[in-house]
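First up is the structure itself, then whatever we jot down about it.
Predicted, not measured: the structure shown is a model, and the values here were computed from it. Values below: all heavy atoms of this structure, side chains included; hydrogens, waters and symmetry mates excluded.
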Amino acid sequence: MSTDDADDLVFKALADRRRRQILDILKAGPRTTGELCAHFAGALDRCTVMQHIGVLERAELIIARREGRSRWNYLNAAPVKAISDRWISPYAAEAVELLARLKRDLETP
């Protein structure tokens, strides 16, 4: 899979607020699929939560491991870091440089 294809999967996965919520939950530590489903009880059915988990897995934002009857989901932040390195950091560096020039220009008599 090309880098652009992988980036597309990550952007697609991050586009939905419920998937971002799942990632936020996993920031605190791994959770079983049952625990993730229980978090959304009343708002989403188990099948829908599983579909969201599948999108996150295809984007490699979640790594799932089976332990007996439990399926543990772990956050994989590497794809987010790759997006940041490729898309966000270069723009942020330019913005910081622009602000530094503006500050110099305003302070120079």
Check against side-chain contact (heavy atoms from CB on, under 4.5 Å), Ile25 and Glu35
CA-CA 10 Å; Ile25 293 166; Glu35 290 171 332; over 6 Å; no
Under 4.5 Å between side-chain heavy atoms, chaining through other members, with only Ile, Leu, Val, Met, Phe, Trp and Tyr counted: pull out the rest of the cluster around Leu106, sorted by chain and number.
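Besides Leu106, the cluster holds Leu102.
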Sequence neighbours excluded, which residues qualify as side chain to side chain donor-acceptor pair (under 3.5 Å) partners of [X]?
{"X": "Asp5", "value": "Ser2"}
{"X": "Asp16", "value": "Arg18"}
{"X": "Arg31", "value": "none"}

Do [X] and [Y] belong together in a cluster built from hydrophobic side chains that touch within less than 4.5 Å?
{"X": "Phe11", "Y": "Leu61", "answer": "yes"}
{"X": "Val55", "Y": "Val80", "answer": "no"}
{"X": "Ile63", "Y": "Leu23", "answer": "no"}
{"X": "Trp72", "Y": "Leu75", "answer": "no"}
{"X": "Val10", "Y": "Tyr74", "answer": "no"}

In terms of side-chain geometry, is the basic nitrogen of Asp24 or Arg17 positioned less than 4.0 Å from the acidic oxygen of its partner?
no
Residues Asp105, Arg101: salt bridge by 4.0 Å N-O rule
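No.
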Hey, what do you get for [atom1] ([X]) to [atom2] ([Y]), rounding to the nearest 0.5 Å?
{"X": "Asn76", "Y": "Leu26", "atom1": "CG", "atom2": "CG", "answer": "11.0 Å"}
{"X": "Ile53", "Y": "Thr48", "atom1": "CD1", "atom2": "OG1", "answer": "11.0 Å"}
{"X": "Asp7", "Y": "Ile83", "atom1": "CG", "atom2": "CD1", "answer": "3.5 Å"}
{"X": "Leu36", "Y": "Arg46", "atom1": "CG", "atom2": "CZ", "answer": "9.5 Å"}
{"X": "His39", "Y": "Gln21", "atom1": "NE2", "atom2": "CD", "answer": "5.5 Å"}
{"X": "Leu56", "Y": "Leu14", "atom1": "CG", "atom2": "CG", "answer": "8.0 Å"}

Who passes salt bridge (charged side-chain N to carboxylate O under 4.0 Å, His left out) against Glu107, sequence neighbours left out?
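Glu107 satisfies salt bridge (charged side-chain N to carboxylate O under 4.0 Å, His left out) with Lys103 only.
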Salt bridge (charged side-chain N to carboxylate O under 4.0 Å, His left out) partners of Arg71, counting only residues at least two apart:
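For Arg71, the residues satisfying salt bridge (charged side-chain N to carboxylate O under 4.0 Å, His left out) (neighbours in sequence not counted) are Glu57.
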When you measure from the side chain of Arg58 to the backbone N and O of Ala13, does any donor-acceptor pair fall under 3.5 Å?
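No, because the side chain of Arg58 does not come within donor-acceptor range (under 3.5 Å) of the backbone of Ala13.
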Steps toward side-chain contact (heavy atoms from CB on, under 4.5 Å) verdict (Asn73, Ile22)
CA-CA 10 Å; Asn73 299 282; Ile22 291 171; over 6 Å; no
Go through the steps for Lys81 and Asp85 under the test salt bridge (charged side-chain N to carboxylate O under 4.0 Å, His left out), then give the verdict.
CA-CA 6 Å; Lys81 172 85 168 86; Asp85 290 349; 2.8 Å; yes
